[in-house]
Amino acid sequence: MIFRIELRRSIAPWAGLALVVFALAFLFLLSGPWWKTPAPWSANTTTTAIWIRFLLQFLWPVVVGAGAIQGMRDSRSGMTELLATTPRPGWHRAIRLAGAVGALSALAYLVVFGVGVAEVLAHDGFVSAGFLPVLGVGVLAVVAGGWLGLAVGRLLPHPLTAPGLAVLTLVGTVLCWMSLEQGLDAVLPRRAGPLAPALAEPRGSMVTTAASLDAGQAVWFLGLAVTGFLLLSVRSVRARLLSLLPLVAGVAIALPLFPADALTADGAAARKVCDGPVCVAELHRDRLAALAGPGREALAMLAKLPGAPTRVEEQVAPVSPLERAQRDPGVVLLDFQRNDALLTADASDLRAAVLSGVGVPSCERPSSPSLSDTGARMIAAAYFTGELKPLPELFRNWFKSQSGPIEQAWQQFRALPADVRFARIVALRQALLTCQGDPMDTLVPGALR
């Protein structure tokens, strides 16, 4: 009965509603990276859970600030001294208030994730149980944040407490997130990043949190939640100091558990599904039938080269946009995550993708391809098929408008003797494997000057 009253008269319903509204506004009203390659939030339920954890850098301060507003209720109503004279233990009242705030905040977080699951199902995405640790830690963090706010609001009942705490939480969470995000100048050490619940932006649809990260964060947020509840319950200074022990213990246990890399490969989504020498990830199982035939044909064409690749596989490891794609002389790696054009490519385009670069990916960053690199890989595919055509890649339409110099280079290359063409194709493969030299100059020196 009292718990139901707390649900109605506390800020808990409004805190939960604010969390849902803010989260869905971010996800659906902004064209953020969660809608785009290589990790749309509708591709995989685990990716969905990671993106919602990413948004906690903005949502967690809302939860903490709302908890602080509720924590000041007794002081605002002038009942602090009256309640202090009652023989009833403080935790009796605290458990109902904390339960109401924690339960509705957790429910709101689960509602947001439920919307994400609906998006995954609507887009025929991949569903597995891999999201459970990511989601569970997120729920625990939301509850711990609400209880921390309640405790601070109870201890410091000042009108500026709630906004000040929310701002401090936002700053701390963003600084922790920056230490996890690649390519940013972090202020805090990398080990301190997981002390906030926000995760780095996923670099692919086949990543999940490391087990040691889940364990460390679970211990840390559990300690934070216990400390928040105890500070909300006890009254003496000595008891409040002792209430900090779970927080200290959580930090001491969690920091050694935090891994160097928070995200790792998702074993369920990245599991290989093969048809002979051609393999894709479980996430893209539906592309295996389309790729198997063109993949075998391309491998047969490449077989005449020295040290030719013998397999075609999907690239499953997450790759930073600042890094070059991985390369393996024995395997042709196709990246369906960063190059979503492959998800709808026909047999001819898939064969060209395997043959491009003589079975070796580009040395350029995907966001800034060069005419030399793409043109050389196009000519390499045309060497085997006899047809020069744009590759199934992100900037395909742009390269159609820049096809003049590549067409001229292709004609110059075709005019060379057969043995010279073969030698230069072998040299191009080596250049792309080592990322040394200009690819087009390797095939047709001076063609683009």
Side-chain angles (χ1 to χ4, degrees), residues 291 293-312 324-335 339 341-342 345-366 368-449:
L291 179 62
R296 286 193 180 92
E297 294 173 10
L299 288 176
M301 295 176 181
L302 293 169
K304 61 184 179 181
L305 300 174
T310 58
R311 298 182 62 80
V312 176
R324 293 169 176 161
Q326 295 183 9
R327 54 208 67 235
D328 185 334
V331 180
V332 179
L333 295 170
L334 298 181
D335 195 339
N339 182 16
L342 294 174
D346 58 18
S348 176
D349 280 344
L350 289 172
R351 181 169 53 249
V354 176
L355 294 171
S356 67
V358 206
V360 184
S362 169
C363 290
E364 307 285 343
R365 290 187 297 175
S368 56
S370 68
L371 193 63
S372 172
D373 180 272
T374 303
R377 291 186 298 111
M378 287 173 57
I379 291 175
Y383 169 78
F384 294 99
T385 64
E387 176 189 7
L388 183 69
K389 58 183 297 186
L391 301 175
E393 294 179 353
L394 178 62
F395 293 93
R396 178 175 188 164
N397 292 332
W398 183 81
F399 277 104
K400 285 182 179 179
S401 64
Q402 304 292 321
S403 61
I406 299 176
E407 287 276 2
Q408 295 177 10
W410 166 238
Q411 296 301 328
Q412 295 178 45
F413 180 78
R414 291 183 66 183
L416 297 172
D419 58 336
V420 175
R421 293 200 306 270
F422 181 80
R424 291 189 180 180
I425 285 292
V426 172
L428 174 64
R429 175 172 167 80
Q430 186 60 32
L432 291 175
L433 283 172
T434 59
C435 289
Q436 295 180 357
D438 183 273
M440 185 62 81
D441 278 347
T442 303
L443 289 179
V444 187
L448 298 180
R449 294 174 189 169

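As a basis for the values below, the full set of heavy atoms in this structure was taken, side chains included, without hydrogen atoms, waters or symmetry mates.
Looking at P329 and R429, their side chains come closer than 4.5 Å, going by heavy atoms from C-beta outward. Side-chain contact between R324 and E364: absent, with no pair of heavy atoms (C-beta onward) separated by less than 4.5 Å. Using a 4.5 Å cut-off on side-chain heavy atoms (C-beta onward), R377 and V360 make no contact. Using a 4.5 Å heavy-atom cutoff, the side chains of T310 and L299 are not in contact. Using a 4.5 Å cut-off on side-chain heavy atoms (C-beta onward), L432 and P439 make contact. Between M378 and I406 there is a side-chain heavy-atom pair separated by less than 4.5 Å. Looking at L334 and L291, their side chains come closer than 4.5 Å, going by heavy atoms from C-beta outward. The side-chain heavy atoms of V331 and P309, taken from C-beta on, include no pair separated by under 4.5 Å.
In terms of modelled atom types and a separation under 3.5 Å, the side chain of D349 and the main chain of L342 share no donor-acceptor contact. A donor-acceptor contact shorter than 3.5 Å is absent between the side chain of T374 and the backbone of L371. A donor-acceptor distance shorter than 3.5 angstrom exists from the side chain of S372 to the backbone of M440, with no hydrogens or angles considered. In terms of modelled atom types and a separation under 3.5 Å, the side chain of R351 and the main chain of A381 share no donor-acceptor contact.
Annotation: side-chain contact (heavy atoms from CB on, under 4.5 Å) contacts of P361 (sequence neighbours excluded): A325, R327. Listed by chain and number, the residues in a side-chain contact (heavy atoms from CB on, under 4.5 Å) with T434 are Q430, Q436 (sequence neighbours excluded). Partners of R421 under the side-chain contact (heavy atoms from CB on, under 4.5 Å) rule, at least two apart in sequence or in another chain, are Y383, F413, L416, A418.
Distance check: D373 CG to S362 OG gives 3.0 Å after rounding to the nearest 0.5 Å. Atom OG1 in T385 sits 11.5 Å away from atom CD in E297 (nearest 0.5 Å). Rounded to the nearest 0.5 Å, atoms CZ (R424) and CD1 (I379) are 11.0 Å apart. One distance of note links CG of L305 with CG of L302; it measures 6.0 Å at 0.5 Å rounding. The CG atom of D441 sits 11.5 Å away from the CG atom of L428 when rounded to the nearest 0.5 Å.
Minimum interatomic distance between A303 and A308 (heavy atoms only, all atoms of both residues): CA-CB, 3.8 Å. Among all heavy-atom pairs drawn from T442 and A431, the shortest one is OG1-CB, 4.2 Å. Of all heavy-atom pairs between L443 and A376, the closest is CD1-O, 3.6 Å. Across all their heavy atoms, L350 and P294 have their closest contact at CB-CB, 4.2 Å. F422 and P306 make their closest contact through CZ-CD, 4.1 Å (heavy atoms, listed as atom of the first residue, atom of the second, distance).
The existence of a salt bridge linking D328 and R311 is excluded, since no basic side-chain nitrogen approaches an acidic carboxylate oxygen closer than 4.0 Å.
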